[in-house]
Undergrad: 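If you scroll down you'll find the structure; I have some questions about it.
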Amino acid sequence: MTRAQALAVYNSLLDKYGLQYWWPGETRFEVMVGAVLTQNTAWINVERAIARLKQADCLSPEAILARQPARLAELIRSAGYFNVKARRLQQFCAWYQAAGEYRRFRYWSTARLRAALLMVNGVGPETADDILLYAFDRPVFVIDAYTRRVFGRLGMIAGDEPYEVIRAQFEQALGADVALFKEYHALIVVHGKDVCRSKPRCGQCSLASRCPTAQGNDPCDMHVEGRAHSA
DNA sequence: ACCCAGGGTCATA
DNA sequence: TATGACCATGGG
């Protein structure tokens, strides 16, 4: 995609929804925790989990590492996958603490920091990029399910390309612009929740995952999303 | 009752 | 490289 196309969509979304001021969170560390907790999970349930962590005075690397896994899991219960995420949070904190915490990363290149994050078990490409962009202010464009869906339906990408392919397209079209990347990703998510909430559906029966012919699905365009499929 | 959410890992082919 | 099973709560 060209820079003009990418900016045209951004301006359209900005015009419709306004600035979002992402990522929600009081500290950089809270952003990192939120990035892990929000994996395949509605944000409202992450907020509850973070509130409980704060309430238990358990929102620091030391406190998270000091707590027994099962006891950490009960604090983040509302975020789902609590056993898995408790382990992931502790693994992330162990790495973060061993690496020397935030100020130590100041002179790391973005590429080096990204590679290090991806080495942590439980941190995949999107979680790493959330942390890089919103906690470390690095110019990395976050690709998530909404990005694939929205731009797929606009016909600007296929939607099922590998993560790195799509990320490179956005970064090459837009250049390195942290403030723009932050707002753009936020707007994509907000717009996705607004009009592209359902996953692509089979054009025949309106079923999603369980439809036998779902592979040849004909996802509705973002402008007609919400209209019922005929049976 | 089904679908979905601001994914990632691991085993398997 | 690419699927599939698995993780699990809470809201629509």
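Hydrogens, waters and symmetry mates play no part in the numbers below; they use all other heavy atoms, side chains included. Order of the sequence lines sets the chain letters (A, B, ...), proteins ahead of strands, with each chain counted from 1.
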Undergrad: Can you tell me how far P in dC6(C) sits from the matching atom in dG6(B), rounded to whole Å?
TA: 24 Å
Undergrad: Rounding to an integer number of Å, can you tell me how far D129(A) CG sits from dG8(B) C1'?
TA: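 Distance check: D129(A) CG to dG8(B) C1' gives 14 Å.
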Undergrad: Looking at the side chain of F82(A), which of dA8(C), dA5(B), dG7(B) is the nearest nucleotide?
TA: dA8(C)
Undergrad: Tell me whether the side-chain N/O atoms of N121(A) come closer than 4.0 Å to OP1 or OP2 in dG8(B).
TA: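 Answer is no, no contact under 4.0 Å.
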Undergrad: When you get a sec, tell me which of dG11(C), dG7(B), dA5(B) is the closest nucleotide to the side chain of R48(A)?
TA: dG11(C)
Undergrad: Taking Y184(A) as the fixed residue, which of Y10(A), W22(A), Y17(A), Y146(A) is the one that meets the ring pair (Phe, Tyr, Trp, His ring centres under 6.0 Å) rule?
TA: Y10(A)
Undergrad: CE of M119(A) versus C1' of dG8(B): gap in Å, rounded?
TA: 16 Å
Undergrad: What is the pairing partner of dA5(C), taking Watson-Crick or G-U wobble pairs with both distances under 3.5 Å in any strand?
TA: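 Base partner found: dT9(B).
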Undergrad: Would you say a side-chain N or O of T127(A) is under 4.0 Å from OP1 or OP2 of dG8(B)?
TA: yes
Undergrad: For dC7(C) and K85(A) - does any side-chain N or O of the residue sit under 4.0 Å from the phosphate oxygens OP1/OP2?
TA: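 K85(A) to dC7(C) OP1/OP2: no side-chain N or O under 4.0 Å.
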Undergrad: Is the closest side-chain donor-acceptor distance between N40(A) and Y81(A) under 3.5 Å?
TA: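 Side-chain D/A pair, N40(A) to Y81(A): present.
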Undergrad: Which is more 5' along DNA chain B, the nucleotide nearest G124(A) or the one nearest N45(A)? Just name the residue.
TA: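 Closest to the 5' end, via its nearest nucleotide, is N45(A).
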Undergrad: Round to a whole Å and report the spacing from CZ of F92(A) to C1' of dG8(B).
TA: 15 Å
Undergrad: With nearest nucleotides of DNA chain C determined for R77(A) and R88(A) from heavy-atom distances, which residue corresponds to the more 5′ nucleotide?
TA: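 Here R88(A) is the residue nearer the 5' end.
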Undergrad: Just compare dG7(B), dT9(B), dG6(B) and give me whichever is closest to any side-chain atom of W22(A).
TA: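 Closest of the options to the side chain of W22(A): dG6(B).
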Undergrad: Rounded to the Å, how far apart are I76(A) CD1 and dA5(B) C1'?
TA: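 My rounded result for the distance is 16 Å.
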Undergrad: Classify V36(A) by what it touches in the nucleic acid, base, sugar-phosphate, or nothing, heavy-atom distance under 4.0 Å.
TA: nothing
Undergrad: Base, sugar-phosphate alone, or nothing: which one does P162(A) contact when heavy atoms must sit under 4.0 Å apart?
TA: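 Nothing, no nucleic acid heavy atom in range.
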Undergrad: To the nearest 0.5 angstrom, please state how far the CG atom of D137(A) sits from the OG1 atom of T110(A).
TA: 10.5 Å
Undergrad: Out of dG7(B), dT9(C), dG6(B), which has the shortest distance to the side chain of W43(A)?
TA: dG6(B)
Undergrad: Whole angstroms only, please: what is the CG-P distance between L89(A) and dC7(C)?
TA: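 One finds 19 Å between P of dC7(C) and CG of L89(A), rounded.
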Undergrad: Looking at dG8(B), dT9(C), dG7(B), which one has an atom nearest to any side-chain atom of P125(A)?
TA: dG8(B)
Undergrad: Considering just the side-chain nitrogens and oxygens of R149(A), establish if one lies under 4.0 Å of OP1 or OP2 belonging to dA5(B).
TA: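 Yes, because at least one side-chain N or O of R149(A) sits under 4.0 Å from OP1 or OP2 of dA5(B).
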Undergrad: To the nearest angstrom, how far is D160(A) atom CG from dT1(C) atom C1'?
TA: 13 Å
Undergrad: Regarding W43(A) and E47(A), is there a side-chain donor-to-acceptor distance under 3.5 Å anywhere?
TA: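 A donor-acceptor contact under 3.5 Å links the two side chains.
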Undergrad: Rounded to whole Å, how long is the line connecting atom CG of D130(A) with atom P of dG7(B)?
TA: 8 Å
Undergrad: With heavy-atom distances below 4.5 Å as the criterion, would you say the side chains of L72(A) and K85(A) are in contact?
TA: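 No - every pair of side-chain heavy atoms lies 4.5 Å or more apart.
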Undergrad: Verify whether the ring centers belonging to Y102(A) and F136(A) lie closer than 6.0 Å.
TA: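 Ring centres of F136(A) and Y102(A) closer than 6.0 Å.
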Undergrad: Which of these nucleotides, dA5(B), dT9(B), dC7(C), is closest to any side-chain atom of Y81(A)?
TA: dC7(C)
Undergrad: Let me know the distance between CZ of R87(A) and C1' of dG7(B), rounded to the nearest Å.
TA: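 Rounded to whole Å, this separation is 14 Å.
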